[in-house]
Amino acid sequence: MTEGNLITPAQNTWCPGCGNFSLQFTLKALLEGLKKEGRSLDDVVLVTGIGCHAKMADYLNINSFYSLHGRTIPAATGIKLANPDLEVICCAGDGDCYAEGLDHLIFAAKRNIGITVLVHNNRVYGLTTGQYTPTSPLGFRGKSTPAGTVELPFNPLEIMLSSGATFIARGYTRRPDQLKMLVSDAVAHHGFSFVDVLQICATYNNMTDYYNSHVYELGDHDTSNFNDACEKAREWDYNTDSGIGLGIFFQKSAPTFEERILTRHGHVPDKMDAIRRILDEKT
Ligand code: SF4
Ligand code: MG
């Protein structure tokens, strides 16, 4: 599965101009980087939910698990606990991860499970042709809201800050160089990493002009300062007409969920030995 070309020959059905292409090339660059570092791509697992984003599992030639709608994170958590040596990367959608799967996202952050979650946040259900999601703008007109939504969007970064996430970032698919760095840093982070990616849906919610005129790089923001991170995250609450910061908002070190479990069962250098011992104890 992981030898040769990293892009599969599967017919790509994403619409022209879709931000998923940017994320695909970001992940391809990440995998090439890991290979150059001498890492085996057999140690990388991609987990997807359901939605346009999920076709990433079809288009990237990497070990992958296509899960149910909203269930990316529990599947990824199980994979990480079964083999903590794996690099587990989740691609999830906003309708997928911020609606049906929101409780899983909150608890993954709370536990600090060592997985990376990339949310393809196009602020619409694209695969089902344009219904509103928890991050759709107020007044969004789509298939389920022809007169416009009457709900304010929520701010996923604030939710992650209050849930205890140890790496929180925001990227944008039309800033591919920065996105590559953010995803690389997220994967390198020890513990739970969350990247909210403002993704262009070219067909049902094309916010390119709006984002292009509002985004800016956070620059020398102190990522260890929780209060500063909260302030920066609240600057744009997905509804106001303010600047939209891109970059790492917050990062801290903390024991991971898998480490706490392994420690409880007696730390041994080889994580797989510890897992086998736990399983032996149960049988
Ligand atoms: Fe991309 Fe939107 Fe088309 Fe889905 S519907 S492939 S998100 S442009
Ligand atoms: Mg979506």
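Bear in mind the structure is a predicted one, so any value in this text is a computation, not a measurement. When a ligand or atom number is given, it counts from 1 through the structure's own listing order.
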To the closest 0.5 Å, what do you measure between CZ (F192) and OG (S163)?
8.5 Å
Rounded to the nearest 0.5 Å, the CZ atom of R260 sits from the CD atom of E258 at a distance of 10.5 Å
Do D241 and H214 have side-chain atoms, one donor and one acceptor, less than 3.5 Å apart?
yes
Taking 2.8 Å as the cut-off, does an N/O/S atom of C201 lie below it from atom 2 (Fe) of ligand 1?
yes
Any idea which protein heavy atom is nearest atom 7 (S) of ligand 1, and the distance to it?
N122 ND2, 3.4 Å
So for Q199, does at least one of its heavy atoms come nearer than 4.0 angstrom to any atom of ligand 1?
yes
Please confirm whether T203 approaches ligand 1 to less than 4.0 Å, judged on its heavy atoms.
yes
Provide the number and element of each atom of ligand 1 under 4.0 Å from a heavy atom of Y204.
5 (S)
So, E217 and R175, do they make that salt bridge, N to O below 4.0 Å?
no
Give the residue and atom name of whichever protein heavy atom lies nearest to atom 3 (Fe) of ligand 1, and the separation in Å to one decimal.
C15 SG, 2.3 Å
What is the closest protein heavy atom to atom 8 (S) of ligand 1, and at what distance does it sit?
A202 N, 3.3 Å
Got the closest protein heavy atom to atom 1 (Fe) of ligand 1, with its distance?
C18 SG, 2.3 Å
Can you confirm if the aromatic rings of Y172 and Y211 lie within a centre distance of less than 6.0 Å?
yes
shortest atom 4 (Fe) of ligand 1-to-protein heavy-atom contact is with C52 SG, 2.4 Å
Remaining members of hydrophobic cluster (4.5 Å side-chain criterion), L152
L138
Is there a donor-acceptor contact under 3.5 Å from the side chain of T149 to the main chain of F140?
yes
